[in-house]
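The block underneath contains the structure these notes are about, expressed in structure tokens.
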Amino acid sequence: MLDRKYILQNLDAVRQNCLERGVKCDLTQFVEVEQRRKEADTAAQEFNRLANENAKSIGGLKDPQQRAEAVEAGRQLRAQKDAAQKLVDQLDAELLAIQRTLPNMAHPNAPRGVDDQANLEVARGKYQPRQFDFPVKDHLQLGSAKGWIDFEGGARTTGQGFYFLGGELVLLDLAIQQLAVEHLLQRSFVPTITPDLARADILEGIGFMPRGPETQVYSVENTDLCLVGTAEITLGGLYAGQTFEAESLPLRLCGISHCYRTEAGAAGRASRGLYRVHQFTKVEMFVFCLPDQSDALHEELRQIECELFDLLEVPYRVVDTATGDLGGPAYRKYDLEAWMPGRGEHGEWGEVTSTSNCTDYQSRRLNVRYKEKEKKGTQFVHTLNGTAFALSRALIAVLENHQQADGSVRIPPALQPYLRRDRIG
RNA sequence: GGAGAGAUGGCAGAGUGGUCUAUUGCACCGGCUUGCUAAGCCGGAGUGGGGUUUUCCUCACCGCAGGUUCGAAUCCUGUUCUCUCCGCCA
């Protein structure tokens, strides 16, 4: 969410930003409603002040007649104040509704463009796509043959888009998680296992829409809880309403959670196998920091994502996401797209991670602040998030890139300490 | 799951419906005094919003959310967390 004052003082920039991000906005109405809200607010406060003044004077009044009159006056002032306040609340809600539709401002260097066509490849990983001298299988062919991936079982117990992982693939899954946690632990991240459910207002604070036809998340009936789509939600929400000491930042967290996504409206684009599923495990990075630290930390998160996929020996490219493809909260976003030899006709790049700098967009909604010693007041922190591994897609990348002619899969050395073998299958 | 107790400023800890401002102490900042790195005295100091524009004024905030009242830290309801005890369980 953008700051109200900032919007009013930078109408043209905000309007231009909405245009570049393909978001409709009505700032004219915003300005007009804000004007009315301000007037009502001033009136409400004045009535309130008078009522307070009057209430204080009553304590000293001994004469019953005077006292009764003052009580009646107080009653009326309070009623006037309530009426004015009601209008303020109503206008405030209108403003907030508009404010919530506005996306974050974009980084000046983020590629301009209304969709992913404008995304810019900025780097490649250490490893090049392999030349295979045998017919390439996709991960589902590899996995089904060994009893590693069972979508039919998932459908039987749960529904379409759910699956069981089995056999040695479970070991690979756990090994990848351990690799990520160990790697992040050495880079000052605090490992965390988070709740898989969160309250709807936390989801909203992070920038998800927990309700409505567009929603990407599952809700639990008769509660205000949702299944999280990512640990970003709980990690970001962990400090909602809190104030950090400036010197305790940056705070780096690494969270392990299950992630649940309805993939509503994605049916037509539904992809084969583990690529687009309703539940997966993710190791997520999240950072709270000072405003002047966030650009550098964003590069750091991107670097870590690269290191992790280099350790898996998987080829990938890094994409600087165009303004129109950023999503609401992001100021800038990098995606890692891994080479998936089994995708499409001859292999395709598939998104495996993304890292966003959300600046103060989430912290303003969640009211996460920091305080500097010797300075008055507090400021909103900046937040960043990045995928270490989304296990579903990381598994695709490892299986398909390291498959052997006999259907077994080579395990890269970085995983071997956790897996205790150099191949599976 | 049941019963009870509690939550007040950076910390400790008073405050059971109205005295102009939430008492006091510790810690903190400034000044004064004093022959010691100490003590004493005086003053200041929280967060957020609005107004004013450099000086202030004002509103809200006593776990959180509501309610009663002219007036709530105080009374009522709900809720979260902590502690004690009981029950249950992996």
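Throughout, protein chains are lettered first and strands after them, A, B, ... in sequence-line order, and every chain is numbered starting at 1. We use all heavy atoms of the structure for the numbers below, so side chains are in, but hydrogens, waters and symmetry mates are not.
- Of the candidates B:G50, B:G71, B:U58, B:U58 carries the atom nearest the A:Arg49 side chain, counting heavy atoms from C-beta on.
- Nucleotides B:A73 and B:G63 place their P atoms 10 Å apart, quoted to the nearest Å.
- As rounded to the nearest Å, B:A60 and B:G71 have C1' atoms that lie 16 Å from one another.
- Searching all strands for a Watson-Crick or G-U wobble partner of B:G4 with both distances below 3.5 Å returns B:C83.
- Only the C1' atoms considered, B:U82 is 24 Å distant from B:U47, to the nearest whole Å.
- For A:Arg369 against B:G48, no side-chain N or O and base N or O form a donor-acceptor pair under 3.5 Å.
- Across B:C20 and B:U79, the matching C1' atoms stand 35 Å from one another, rounded to whole Å.
- Checked by distance alone, A:Gln45 brings a side-chain donor or acceptor within 3.5 Å of a matching partner on the base of B:G49.
- Side-chain contact check for A:Lys333 and A:Thr355: no donor-acceptor pair (N or O, by modelled atom type) lies under 3.5 Å.
- The A:Ala55 side chain lies nearest to B:G71 when the options are B:G50, B:U58, B:G71.
- Using Watson-Crick or G-U wobble geometry with both donor-acceptor distances under 3.5 Å, B:C62 finds no partner in any strand shown.
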For nucleotides 74-81 of chain B, list the nitrogen or oxygen atoms of the protein found under 3.5 Å from its nitrogen or oxygen atoms, one pair per line.
none

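- Seen from the ring of A:Tyr275, A:Arg343 counts as a face-on cation partner, given the 6.0 Å and 45° thresholds.
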Verdict with reasoning, A:Tyr334 to A:His298, per ring-ring contact (aromatic ring centres under 6.0 Å, His included): CA-CA 9 Å; A:Tyr334 296 115; A:His298 194 209; 4.8 Å; yes
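- Between A:Phe288 and A:Phe244, the ring planes lie tilted relative to each other; the angle falls in the 30° to 60° range.
- Distance noted for atom C1' between B:U8 and B:U16: 15 Å (whole Å).
- Shown here, B:G30 forms a base pair with B:C42; the pair counts as Watson-Crick or G-U wobble because both key distances fall under 3.5 Å.
- Rounded to a whole angstrom, the distance from the P atom of B:U33 to that of B:G48 is 37 Å.
- Note: A:Phe162 and A:Phe164 fail the aromatic proximity criterion, with ring centroids not under 6.0 Å apart.
- Atom P of B:A72 sits at a distance of 13 Å from the matching atom of B:C59, rounded to the whole Å.
- When heavy atoms are screened at a 4.0 angstrom cut-off, A:Lys56 is found touching no nucleic acid atom at all.
- Taking the side chain of A:Thr378 as heavy atoms from C-beta on, and the options B:G48, B:G51, B:C70, the nearest nucleotide is B:G48.
- Considering only the side chain of A:Asn52, B:A60 comes nearest among B:G50, B:A60, B:U69.
- Spacing between B:U84 and B:G31 at atom P, rounded to whole Å, works out to 48 Å.
- Counting only N and O atoms by type, the side chains of A:Glu20 and A:Gln16 include a donor and acceptor under 3.5 Å apart.
- Under 3.5 Å, the side chains of A:Asn367 and A:Arg369 contain a donor-acceptor pair of N or O atoms.
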